[in-house]
Amino acid sequence: MTQISGSPLDENSYVLETRALRAYYRMKYFGIDREVRAVDGISMHVRKNEIYGIAGESSCGKTTFIKAIAAAIRPPLEIVAGHVNYNFINNDLYALPSKERSAIRWRHLSYILQGSMNVLNPVRRIHKTFEDFAFRHMHMGRSEFEQEVKRHLERLRLPAEILRAYPHELSGGMRQRVCIALATLCKPEFIIADEPTTALDVVVQKDVLAMIRETQSEFGSSMIFVTHDLAVHANITDRLGIMYAGRLVEEGRTADVFSNPMHPYTAHLIASLPRIGDIHPRNALTGSPPSLADPPKGCRFHPRCPLAMEICRHENPALTTLAEDHRVACFAASATVQPTSDEKPQHPEALETVR
Amino acid sequence: MTGPLLQLEGVSKTYRRGGLFGREEFRAVDNVSFRIEDNEPQVFTVIGESGSGKTTLARMILNMVRPTAGTIFFKGQDLASMRGARARRIFMKDVQPIFQNPFEAFNPLKRVDRYLLMTAKNFTPARSSAQLEAAADRALKKVGLSIGEVRGRFPHELSGGQLQRVAIARALIPGPSMIVADEPVSMVDASLRMSIVNLFRTLRDDLKVSIIYITHDLATAYYVSDRIIIMRKGEVVESGSARVVLENPQHSYSQLLKSAVLSPDPHGRGVLTGDSAASQQARASPHPQIDNLEPQVR
Ligand SMILES: Nc1ncnc2c1ncn2[C@@H]1O[C@H](COP(=O)(O)OP(=O)(O)O)[C@@H](O)[C@H]1O
Ligand SMILES: Nc1ncnc2c1ncn2[C@@H]1O[C@H](COP(=O)(O)OP(=O)(O)O)[C@@H](O)[C@H]1O
Ligand code: SF4
Ligand SMILES: [Mg+2]
Ligand SMILES: [Mg+2]
């Protein structure tokens, strides 16, 4: 196993690395096994001090991937294969005893989710929620803690008055800012944001995104930022991974992915974005994304792909580096793209470390 | 039919708020006037942030909510003077709604084809089950689906985009001359949005249906609309040809909205802290969002 901790970190060292990660929902319906292959062989890494974006249509597996890297696995979701490594633990996340694993979630990881009301307790004033969340982890006296909370709010340009408010007394945008303040109070090494601005109005969204960006740069945290909205990715992420049907199909610097998309799915997504000032007709893709309970063989995009060839129906294209910092999983993109196994690996090492 | 298809004259809706001490009148929709001509089907877009009164306006146009002041005429008839079940049914046949969240609009325990068959039964002469299915299939074909794809399916078995198409197909069955679509794409992915708004164009051009498209998404509004109004706190702050207004908004609020639209062309890090109107405003005040501290009434 590659070891990445120990040495001083530079911009290119990894904070998170996943290898061939597979997470399936496994259920029994009327005695029949059903498997939803929501994350199916994802290998990627997040560097120090970057915002790594994940895009893709709804149900492609974005949230499941987040659950898998955050050790938030509950039945029927299972880690079926692969590895998750953070540089602040010297081991595979899923090789740790479950107690240690959940300690990691609290100590090193932090979340900003879409529904702020799930995080904020509706019957407690905001300052109580701060206490519930963070007091134990901050290891300081109560008045010192209160000072620290106020300092933090000030840094994020939030008025201290909000501490006395109940969640329902705040607007949606304000609640989302409070969630960001909560998520960053302990200066987390790694922040996970899942559709954090999807429910907000545009003006508020822009401010909240700016706040996320500023907070992340100030603390030098690394972040995974999930949203289906490519315009948001264009404005906040450093690198971007495009997911389709449980797999990563393209990944690169955000600017490169937008200016030179190499996977037909990415190219379609970007070409179909509406822009004020441009009335060119935008064509929609035909068909719908596949069911992850019974995905098509080979390249999962082939039933909808205008460039599909014979090989695409049988073989799964490997995510391959085709330009600097730019990986693509498409046979049509380059002859160097080779088939890779479609099946989950059965070798003992993978099964041993994953349970 | 001559004269406008739809005409609103000084339409307002006031709600009373507050409890024990002092009641407060609150204008959800404030003195809105516009007209949609009958001779030219169009996509008429209502833009506004949440709480600006869009849904209240839509419900008044659908005759589900009575205005507190002002008049709404549909094909020359004052909606307030409409009497009797028959008149209502004729109106409903002609003006059909599509709601925001397709997963809420459909009962999760009811097969989606039931909705189509019920609508066909209520609003068309079809009676036998073969005729009803044929009516449903004709409508589904117009949105790129077929009865075979939805027969016996429950809402959760369809994707959000498919479900929103079914909702549009259902609205087409009675053969309406106007569809009121309240945030029809807010809950679907960006990639599916375009297929829905493309569909609106087709309905306008091929079926001559006028669409009232309610949204907060300026980019799709620009792409698909003929005319727009921009609403803020119940009032129309700007209106006109969609291209003209969105390319060169005159009202400061329209300008703020446009400046907050995220361009899909990446600018790299730091663009968000740049000099948008919104962030300038934010920096001008030490407590930028203090006005948001007011209780939000739902
Ligand atoms: N608790 C669950 N049980 C079974 N299937 C699930 C569950 N949660 C999600 N799924 C399925 O897993 C797939 C991926 O879902 P998700 O990760 O939520 O996608 P995204 O976040 O991209 O919208 C979908 O097909 C979804 O229906
Ligand atoms: N039945 C109602 N009673 C009281 N207030 C209402 C009612 N319906 C809507 N409102 C208020 O009217 C305003 C406009 O709401 P709405 O029309 O739903 O706006 P939008 O659809 O633009 O978000 C909001 O402040 C809302 O709280
Ligand atoms: S591998 Fe084949 S089917 Fe898949 S995206 Fe490339 S060309 Fe299309
Ligand atoms: Mg999700
Ligand atoms: Mg509304």
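We name chains A, B, ... by the order of the sequence lines, and we start the count at 1 in each one.
For the atom pair A:Arg282 CZ and B:Ser195 OG, the distance stands at 14.0 Å (nearest 0.5 Å). Annotation: the span from A:Ile276 atom CD1 to B:Glu247 atom CD amounts to 9.0 Å, rounded to 0.5 Å.
Ranked by heavy-atom pairs shorter than 4.5 Å toward chain A, the options B:His216, B:Lys258, B:Arg243 are led by B:Arg243.
When each of A:Thr197, A:Leu230, A:Val202, A:Val232 is tested with B:Leu262 by the rule side-chain contact (heavy atoms from CB on, under 4.5 Å), just one qualifies, namely A:Val232.
Residues of residues 56-65 of chain A lying under 4.5 angstrom from chain B, judged on non-hydrogen atoms, are A:Glu57, A:Ser58 by number. Heavy-atom proximity under 4.5 angstrom to chain A picks out B:Glu49, B:Ser50 from residues 41-56 of chain B.
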query = So A:Asn283 and B:Met194, side-chain contact (heavy atoms from CB on, under 4.5 Å) or not? Walk me through it.
reply = CA-CA 8 Å; A:Asn283 297 322; B:Met194 296 315 280; over 6 Å; no
request  = Evaluate side-chain contact (heavy atoms from CB on, under 4.5 Å) for A:Ile279 paired with B:Tyr222, printing each intermediate quantity in order.
outcome  = CA-CA 8 Å; A:Ile279 52 165; B:Tyr222 180 89; 3.5 Å; yes
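Among residue pairs with one or both ends in residues 210-227 of chain B, those qualifying as salt bridge (charged side-chain N to carboxylate O under 4.0 Å, His left out) are B:Arg193-B:Asp217, B:Arg204-B:Asp226; sequence neighbours excluded.
Taking each heavy atom of B:Thr220 and A:Pro274 in turn, the nearest pair found is CG2-CG, 4.0 Å.
Neither the backbone nor the side chain of A:Val257 comes within contact range of chain B; no heavy atoms are under 4.5 Å apart. Neither the backbone nor the side chain of A:Glu154 has a heavy atom closer than 4.5 Å to any heavy atom of chain B. Looking at A:Leu273, the atoms closer than 4.5 Å to chain B (heavy atoms on both sides) all sit in the side chain, from C-beta outward. A:His233 does not touch chain B: none of its heavy atoms, backbone or side chain, sits under 4.5 Å away.
With a 4.5 Å cut-off on side-chain heavy atoms, A:Arg275 and B:Ser263 do not count as touching.
In this structure, the side-chain contact (heavy atoms from CB on, under 4.5 Å) partners of B:Ala171, at least two apart in sequence or on a different chain, are B:Gln96, B:Ile98, B:Ile179.
Around the CZ atom of A:Arg155, the shell of radius 6.0 Å holds more than 12 heavy atoms that belong to other residues, nucleotides or ligands.
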